[in-house]
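Data block below; observations after.
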Amino acid sequence: VLFLVVTAALACAIFVAEMMTSEKLTAALFYVLVVLFAARFCNPRGVLLVGAGCVGLTVLANVSPIFGGAEASALKTMIGAAVIGLTTFLALQSRSAEATLREQAGLLDLTHDSIAARRFDDDVITYWNRGAEELYGWSRAEAVGRVGSELRKTDIPLPLDEIKAELLRVGRWEGELVNNKRDGTPVLVTSRWSLRRDRHGRPAEILVTSNDITERKRAEQALRDSEEQWREVFEHNPVMYFMVSATGTVLSVNAFGAAQLGYTVTELIGQSVLSVFFEEERELVKSHVATCLGELGYPHSWEIRKIRKDGTVLWVRENGKAVRRSGDDVIVLIACEDITERKRGEQRVAAAYAVTRVLAEADSLAAAAPEMLRAIGENLEWDWGALWNFDREREPEGAPLRCDCLWRAPDIEAAEFAAVTRQRTYVPDEGMLGQVWRSAEPIWMVDATTEPQFLRAAAAAKAGLHSGVIFPILLDTEPLGVVEFFSHAAREPDPEQLATLSAIGSQIGQFIKRRRAEAGLRASEERWRRLFETSAAGMALTRLDGVFTAANPALQQMLGRAEEEIVGHSVLELNSEDERAATAEALTKYRSGWLAERQVQKKYLKKDGAPVWLNITTTLVPATETAAPFLQSVYMDITERVHFEAALRASEERWRAMVETAPVGIVTFDSAHRRYVTANRSFQLMTGYAEDELRNLTPLEITHEDDRERLRSHVDRIVAGPQDHYRIEKRYRHRDGETVWADISTFVVRATDSTPAFLGAVAVDITDHKRAEAALRTSEERWRAMFETAPVGIATFDFERRKYLTANASFQRMTGYTETELQNLTTLEITHEDDRAAMQERIDTGAVGFLQRKRYRRKDGETLWADVTSFVVPATDGTPAFRGTVVVDITDRRRAEEALQQAEADLARLNRVMILGEMTATIAHEVNQPIAAVITNANAGLRWLGARQPDLEEVRQALGRIVRDGTRAGEVIRRIRALARKLPPRQERLDINEAIRDVISLTQTEMQRNGVQLHSRLAGGLPLVSADRVQLQQVMINLIVNAIEAMTGAGDGPRELTIVSGTDNANDVLVEMQDTGPGLDPEKVDQLFQSFYTTKRDGIGMGLAISRSIAEAHGGRLMAARNRPRGAVFRLTLPIEETLPGGRGR
Amino acid sequence: VPRKAVIAIVDDDHSVREALTSLIRSLGYVAMAFESAEDLLKSKRRRSVSCVIADVQMPGMTGFELHNRLLSSGEPIPTILITAFPDDRARERALQAGVSCYLTKPFSEDELLACMRLTLAPREAGVRDS
């Protein structure tokens, strides 16, 4: 530009000269302008061409005549051309420099750094590259010419003057500053400033190169922040971090971890990690670490104690994890969390719980103390403890504290300290114990051995005990004792534990209070119990539902029940039944609160059911806080009194009733006025006067006139004494004037405490009696005569004792006893021994009135058979009820009957044998037939076998017949045996036809032998009968044999026997034997069945009698009738089974 | 060829009748069995009978009566009576009346054979003589 200006100035000078010389110069000037113009817009080549053209044209214009002016100075032309040429050259020169410059500027644009140039003086921007455009947002055009610091609101850390001074001094400055973009966002840049001096050495421009370092800065900051954060975390996180080598050396530990343990970081690094653990737990730690090492990368956790540098304990929860570091180094990372508080809390809770449990199970503090000390010591990690107490009983005033109980942890040796402790006593304010006792405040000693107030410091130091705690046993605010604990380890005061121990102290105090109260209660209860046990009055406690909860011995005795038979039972159970409702009602009232106390007399039941009258005072004891309401009762046995009163009352009532209802007149009258006081109904009836009327009368006034004098003298005599009664028969004058005869007994009733003397009289109306006496006398004589002379024995005997009262002559003769002897004998005593049981039974059942056959034992020992009828004679006015008996002597008749029965039995046996005897031939025939057949068959068989050509078929048939006939023989034998067998009668259900067939087969031969033709007509489908088969068959055989004999005995008549079976109208089964013999004599049919009746020459007449009794024994009948046209028919009927009488059959 | 002797058996007892029939046949005789005496008398073959063996007790005509009837009919047949009722008087009476044999049941084969031999021998001899 500068060049251009210079050029332009030169051109202008030329122009002026030209102007002054010639127009040629003017033209040249124009040409210069053209060149300049070209130089301004064209590339160098274009400028060169324009310049050359312009020169050419100027020359041309001077040389060419055509344009006239050729005569113009060539110099002038030369000068013009030179000027144009020079201008062109210069323009080109300028253009070239400019192009270089531009090229360089283009290079600057390529950089990402922002580059700007500012003038030194006024800070105006002279250059602004693309990097600056991009960075700040302003285009070059907008930026150039503006004041740089204003444009970018540069925030320079130093005053600009100082930077400039720096620039002037060293030529450059470098620093970080904050510019603002066009949109206002700040940009942190590193700026390098360079000073460009002009050629005169003056400061010209400041070249500013800036780099945006905002992002980098931010990243750096973030990195720094992060690292800071992690370090903070590591160092100050309230978690202890350890990095431990595989061998247990501490490689790293955070500050917090070290501080927690009371060390510095450097103190711990390089040490064995085991040094912070209890010795006895180091093995455990090793095993945990080994577990971690065993499982790389897996975390493990455990809880354990650590020891601080100062010896205090730290409970931690450790999380360990082994990891492999680069270089195959295995390390263990351990993070520990302080759980001391939690542990302590747990321990405190455990201690409090253990103490509570110990106290709950103990009876006294002395018993609880050892366990309690152990519970506190173990849970709260003390090593040694003692309970101090003072003997309240023996030294109530100012008793010193003495050690009551000691405890030590198992591994603690503190014998000397224990001995010192046992010897010591403390008074209030003496030493630490005394202070605690006085103040009732717990004390914590971090190190007791250095406490001047702790009086056993030396012994404690020797035992290695340091920290200690002392707390009072408090009942409300009154200290009852002191408990102390010590530990080897130093322990910082733990307010929480102090609070817990205080609470435990109060708890023990409450325990003592409760025990004291219980002891008091026991003493009181003991007194009450003794009163309860020894009281003569019955006492009991009852729940409101009426169940006894206690009953003293006195009550037990009253009720005749053991304690457990009362306690647990309801009062209702023990009440007499009629009392229960009232008792239940009273219980309801007690429960509802309506009744608080009452006294009643009540009937209870003894265990044996005997009633007991008790006077009971019951009081409701209301509910208390601890006890349900109950009833307490006091019992007095008033049974005797009640009985006495009842007896008295009953007695009086009886007397009154007796007097009032007595059928005799009973009166009393006062001995002074002799007026009637009382008179019973009978007397009123007897005399016709009412009681009221009698009260105004004297005995004399109603006595018959003729008897008055006699009466007066009698009365006077007994009133005067000493005789106190008389008895006379006298007459009253009835109110209606009639005479009444009376038997009077009068007596003096002497005065008692409560009643004055009076007279009493009993009057019996004997008017009717007098009248009846005569009639009775006559009647009785008549009866007595009849009684005495009756040919039957008549006797009367006493109802209860059964002794004879009277016995007539016949009775005396029969029994051989006199009446006097009989009066000392009972009916049973003269009864035959064998009949006494039956007699007794009749007496017991009270049977009377019917005939009884019994035996008496006569005085001479003989037996008297008698039919006896006994009867009851009801009581009459004069006689009580008694029994009478009429006895008929049947001894002779009885003997005849007995003989008859015996004979019948004998004959029955005989008959059976006879029947069998008669049938012997038949039996032989029946048996011989089949036997003969068998033998003959056998012979035939042998023959057939022995033939030259044995005929086996014949042999077989013969053998078959042998079997058949042998069987038949056996059958015959069986039937006979059955008939002859001596079996007791046996009922069976049988088919009558079968029985008949058996009988026929047994008697058939007999019939044939006697030429008797048999016809049988047996009805089919007959019902079964229940009978003894043999007996039935005997009957039928008997009838058949009779029929055969009857027909054969009758000579040449037809001999036909028909046996019929069937049923008759009454549905009985019947069997008829119809013969054609001589028949029956109608007049003797009735005798047929009697014993010993016979029509046979050699018969004994028992057959039919026995047959009939057999038939009747089966509930059937045996009858005889005439047969048509001739002969006899015997009919046997038997009830079919269903209609058998009850006692028989099945 | 000698004609076989015909023996009539009269017994109401079925067993005895059958047994005797069999035995007689086994001895080589011809046996004719009758249930009663009347049956034999009615029989047309009566004439061929050489010997009668009859039971004494039978319904209807007894064995003894049969013998008497045969005797009185003019055509007597030797008769052997058998009985299951041993009765000495009856036996005597029978033998007196001309009954060949009187056997008591049960009888042995030998007894019967002896009787039959005794009964048949004169007749057989007679036949041979004529």
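The chains referred to below are lettered A, B, ... by the order of the sequence lines, with proteins before strands, and numbering in each begins at 1. Keep in mind it's a predicted model, so treat the numbers as computed, not measured.
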* Closest contact, heavy atoms only, A31(B) versus R25(B) ->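 Heavy-atom minimum between the residues: CB-CG, 3.9 Å.
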* Shortest non-hydrogen separation from R45(B) to S48(B) and the atoms involved ->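 Taking R45(B) first and S48(B) second, the nearest heavy atoms are O-OG, 2.8 Å.
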I'd like to know if the side chain of [X] reaches the main chain of [Y], judged simply by a donor and an acceptor atom lying under 3.5 Å from each other, with no hydrogens or angles considered.
X	Y	result
R1055(A)	N1010(A)	yes
S100(B)	I80(B)	no
T21(B)	A33(B)	no

* Report the C-alpha separation of I931(A) and D965(A) in whole Å, then their side-chain angles, then the decisive distance to 0.1 Å, and conclude whether the side chain to side chain contact (heavy atoms under 4.5 Å, CB included) test is met. => CA-CA 7 Å; I931(A) 288 175; D965(A) 297 337; over 6 Å; no
* To do: Give me the one residue out of E1072(A), Q1074(A), M1073(A) that meets side-chain contact (heavy atoms from CB on, under 4.5 Å) with R1131(A).
  =>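 Result for side-chain contact (heavy atoms from CB on, under 4.5 Å) with R1131(A): E1072(A).
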* For the side-chain contact (heavy atoms from CB on, under 4.5 Å) test, which of D991(A), I1040(A), V1071(A) pairs with I996(A)? ->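 Of the listed options, the one satisfying the test is V1071(A).
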Residue part contacting chain A, namely of [X], when any heavy atom lies under 4.5 Å:
X	answer
R17(B)	neither
L113(B)	side chain
T104(B)	neither

* To do: Please step through side chain to side chain contact (heavy atoms under 4.5 Å, CB included) for the pair D11(B) and I82(B), ending with a clear verdict.
  => CA-CA 9 Å; D11(B) 197 323; I82(B) 55 176; 3.9 Å; yes
* **CD1-SG distance between I53(B) and C101(B), expressed to the nearest 0.5 angstrom** =>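 Taking CD1 in I53(B) and SG in C101(B), the distance rounds to 9.5 Å.
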* Applying side chain to side chain contact (heavy atoms under 4.5 Å, CB included), run through Q957(A) and S22(B) and close with a yes or a no. => CA-CA 9 Å; Q957(A) 286 178 6; S22(B) 176; over 6 Å; no
* Output the residues of residues 935-948 of chain A for which the shortest heavy-atom distance to chain B is under 4.5 Å, in residue-number order; output 'none' if no such residue exists. =>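 Residues in range: I935(A), T936(A), N937(A), N939(A), A940(A), R943(A), W944(A).
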* **Residues of residues 66-75 of chain B within contact distance of chain A, non-hydrogen under 4.5 Å** =>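 Expected list: none.
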